[in-house]
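First comes the structure, then the notes that go with it.
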Amino acid sequence: MTSETLYGDSLPTRGLPAGLYIVATPIGNLGDITLRAIDILRRAAKIACEDTRHSRKLLTALTIPGPERLLAYHEHNADHIRPALMAAIENGESVALISDAGTPLINDPGYRLVADCRARDFLVTGLPGPSAPLLALSIAGLPTDQFFYAGFPPRKPAERLTFLQTLSQIPGTLVFLESPHRILRMVMDAATVYGDRQAALCRELTKLHEEILCLPLPALAEALSQRESLKGEIVLLIGPADKTQDSAQDGLSAEERLDEALQHALETLSLRDAAAMVAEALAHPRKDVYKRALALTKK
Ligand code: SAM
């Protein structure tokens with residue numbers, strides 16, 4: 001591919017135009033860097049990144065010189081560094097923004113910087129590339145006509161259940177990020193709230209031990225509980241409710257499904273909250289569910 005093909009008919013010969021360049025970087029396999037990303041990282045006056053030590057390794061691996069152009073920009077120093085980056089752009093410099101991996105702003109820093117640059121009418125442009133949530137969607141075999149990116153669920157069990165509950169009516173595939181330490185608990189909670197919806201656990205994407213586990217939520221919870229330990233980075237996808245699906249498909253009667261969901265919810269929620277959550281999730285009358293929850297606690 002020639003330079004002309006890369007840049008159309010506006011081949012830049014010297015420095016880059018002043019502005020902010022959002023540059024995606026690999027999420028595991030270094031070969032996933034794009035030719036444009038390498039070019040912009042070579043030529044940018046400054047490269048804002050989450051962790052300079054981490055990004056220095058990326059530049060070294062890609063044989064991109066000038067590590068002194070790296071500048072840490074993360075949640076703890078963003079308010080202090082952002083004005084300096086804005087001033088650099090105003091003074092005619094090009095600033096590239098990268099994150100530790102994948103596409104900046106997708107669960108990574110950069111939102112305020114982009115918003116502020118836009119408010120000042122600075123050039124803001126992007127160099128697309130890897131992103132774990134999108135890659136997971138494209139290979140999992142779950143519906144992709146509509147999806148909802150939910151990010152990391154809350155760590156506290158009660159908050160997580162409520163969070164999952166608030167997403168239960170979304171008519172598309174749900175996309176979560178989760179740590180390997182919490183994934184089993186998260187999948188168990190998801191099974192409580194969403195029943196036997198189809199799920200895909202996408203682990204270590206683009207890396208040596210890439211693994212995609214496609215199972216209904218209860219079976220996925222069971223499979224994970226058999227594992228001694230689970231390592232690596234994970235995207236969890238949960239397909240939309242299948243309106244035509246028979247609720248007895250997983251072998252449970254409606255009563256058994258109700259009891260199972262209640263028992264799980266009662267581990268972390270009060271009687272009232274557990275009943276309300278399960279009633280909503282399983283579309284049962286709240287009064288009946290409360291009565292059943294009361295009976296279960298007296299057993
Ligand atoms: N901006 C990144 C992107 O576009 O992919 C996401 C950043 S987020 C802070 C990091 C999380 O993304 C990880 O904890 C994991 O849940 C997910 N992730 C990143 N790389 C991954 C990979 N190779 N395989 C599976 N999940 C990954």
Exercise for the section: Could you please spell out the steps behind the side-chain contact (heavy atoms from CB on, under 4.5 Å) verdict for Leu137 and Val175? Expected result: CA-CA 8 Å; Leu137 279 164; Val175 184; 4.0 Å; yes
Handout entry: Heavy-atom side-chain contact between Leu59 and Thr63 under 4.5 Å
Key = no
Problem - Hydrophobic cluster membership, Tyr111 vs Phe122, 4.5 Å side-chain cutoff - result: yes
Completion exercise
Closest non-hydrogen atoms of Ala96 and Ile40, given as atom of the first, atom of the second and distance, are CB-CG2, 4.4 Å
Handout entry: From Cys202 atom SG to Leu135 atom CG, the distance as rounded to the nearest 0.5 Å
Key = 8.0 Å
Handout entry: Pairwise side-chain contact, Leu161 with Met277, heavy-atom cut-off 4.5 Å (strictly under)
Key = yes
Problem - Residue list, side-chain hydrogen bond (donor to acceptor under 3.5 Å, both in side chains) with Arg69, at least two apart or on another chain - result: none
Exercise for the section: State, yes or no, whether a side-chain contact exists between Pro128 and Thr103 at a heavy-atom distance under 4.5 Å. Expected result: no
Handout entry: side-chain contact (heavy atoms from CB on, under 4.5 Å) between Ile238 and Leu236, worked out
Key = CA-CA 7 Å; Ile238 300 178; Leu236 176 70; 4.1 Å; yes
Problem - same_hphob_cluster(Ile47, Ile89) at 4.5 Å side-chain heavy-atom cutoff - result: no
Handout entry: Pairwise side-chain contact, Leu85 with Leu113, heavy-atom cut-off 4.5 Å (strictly under)
Key = yes
Problem - Side-chain (Tyr194) to main-chain (Leu164) donor-acceptor, under 3.5 angstrom - result: yes
Problem - Heavy-atom closest contact (Ala265 atom, Thr192 atom, distance) - result: N-CG2, 4.4 Å
Problem - Non-hydrogen side-chain atoms of Phe147 and Leu174 separated by less than 4.5 Å - result: no
Exercise for the section: Go through the structure and list residues passing ring-ring contact (aromatic ring centres under 6.0 Å, His included) with His181, not counting sequence neighbours. Expected result: none
Practice task
Apply salt bridge (charged side-chain N to carboxylate O under 4.0 Å, His left out) to the pair Glu260 and Arg292, showing each step before the final yes or no.
Solution key: CA-CA 11 Å; Glu260 192 183 77; Arg292 185 64 196 151; over 6 Å; no
Exercise for the section: Check whether any side-chain heavy atom of Leu213 lies under 4.5 Å from a side-chain heavy atom of Leu224, and answer yes or no. Expected result: yes
Problem - Exercise: identify the closest heavy-atom pair between Ala158 and Leu269 - result: CB-CD2, 3.5 Å
Handout entry: Sidechain N-carboxylate O distance under 4.0 Å for Glu50, Arg56
Key = no
Exercise for the section: For Leu177, enumerate each residue passing the side chain to side chain contact (heavy atoms under 4.5 Å, CB included) test, keeping only those at least two apart in sequence or located in another chain. Expected result: Asn107, Pro133, Tyr149, Phe152, Val235
Practice task
Under the side chain to side chain contact (heavy atoms under 4.5 Å, CB included) rule, collect the residues that match up with Glu204, sequence neighbours excluded.
Solution key: Lys207, Glu233
Exercise for the section: Considering only NZ, NE, NH1 and NH2 on the basic side and carboxylate oxygens on the acidic side, decide whether Arg197 and Asp242 come within less than 4.0 Å. Expected result: no
Handout entry: Salt-bridge criterion met for Glu93 and Lys46 (N-O under 4.0 Å)
Key = yes
Practice task
Run through Leu16, Ile98, Val95, Leu97 and flag the one making a side chain to side chain contact (heavy atoms under 4.5 Å, CB included) with Tyr21.
Solution key: Leu16
Problem - Inter-residue atom distance Arg36.CZ - Thr125.OG1, 0.5 Å rounding - result: 6.0 Å
Problem - Test item: Ser55 side-chain N/O and Thr52 main-chain N/O as donor-acceptor pair under 3.5 Å - result: no
Exercise for the section: Check the surroundings of atom CD in Glu75: do more than 12 heavy atoms from other residues, nucleotides or ligands lie under 6.0 Å from it? Expected result: no
Exercise for the section: Identify, with sequence neighbours excluded, every residue that meets side-chain hydrogen bond (donor to acceptor under 3.5 Å, both in side chains) alongside Ser99. Expected result: Asp108
Problem - pair Arg120-Met86: side-chain heavy atoms closer than 4.5 Å - result: yes
Practice task
Look only at the side chain of His54 and the backbone of Asp100, and say whether a donor-acceptor pair between them is shorter than 3.5 Å.
Solution key: yes
Exercise for the section: Give a yes or no on whether a salt bridge exists between Asp79 and Arg82, defined as a side-chain N under 4.0 angstrom from a carboxylate O. Expected result: yes
Handout entry: Distance (rounded to the nearest 0.5 Å) between Arg53 CZ and Leu58 CG
Key = 15.5 Å
Handout entry: Ser94 to Ala44 - nearest heavy-atom pair and separation
Key = OG-CA, 3.4 Å
Practice task
Check whether any side-chain heavy atom of Thr25 lies under 4.5 Å from a side-chain heavy atom of Pro130, and answer yes or no.
Solution key: no
Exercise for the section: Could you tell me whether the side chain of Ser270 and the main chain of Asp273 form a donor-acceptor pair under 3.5 Å? Expected result: yes
Practice task
Please answer: with hydrophobic residues joined when any side-chain heavy atoms are less than 4.5 Å apart, are Phe176 and Leu205 in the same cluster?
Solution key: no
Handout entry: Residue pair Glu222 / Gln226, side-chain donor-acceptor N/O under 3.5 Å
Key = yes
Fill in the blank from the handout: Heavy atoms of Leu217 and Gly195 approach each other most closely as CB-O, 3.6 Å
Handout entry: Verdict with reasoning, Phe148 to Thr173, per side-chain contact (heavy atoms from CB on, under 4.5 Å)
Key = CA-CA 6 Å; Phe148 183 87; Thr173 293; over 6 Å; no
Exercise for the section: Any chance you could measure Tyr73, atom OH, to Cys49, atom SG, to the nearest 0.5 Å? Expected result: 12.5 Å
Exercise for the section: Go through the structure and list residues passing side chain to side chain contact (heavy atoms under 4.5 Å, CB included) with Thr162, not counting sequence neighbours. Expected result: none
Exercise for the section: Output yes when a side-chain donor or acceptor of Arg203 lies under 3.5 Å from a complementary backbone atom of Lys231, and no otherwise. Expected result: yes
Exercise for the section: Tell me whether Leu41 is reachable from Leu20 by hopping between hydrophobic residues (I, L, V, M, F, W, Y) whose side-chain heavy atoms are closer than 4.5 Å. Expected result: no
Fill in the blank from the handout: Between Ala24 and Ala37 the two heavy atoms that sit nearest each other are O-CB, 4.1 Å
Problem - Leu71 CG to Asn77 CG distance, which is reported to the nearest 0.5 Å - result: 8.0 Å
Handout entry: Cluster overlap Ile212 with Ile27, hydrophobic side-chain contacts below 4.5 Å
Key = yes
Exercise for the section: Working to the nearest 0.5 Å, report the span between OG of Ser229 and CG of Leu184. Expected result: 12.5 Å
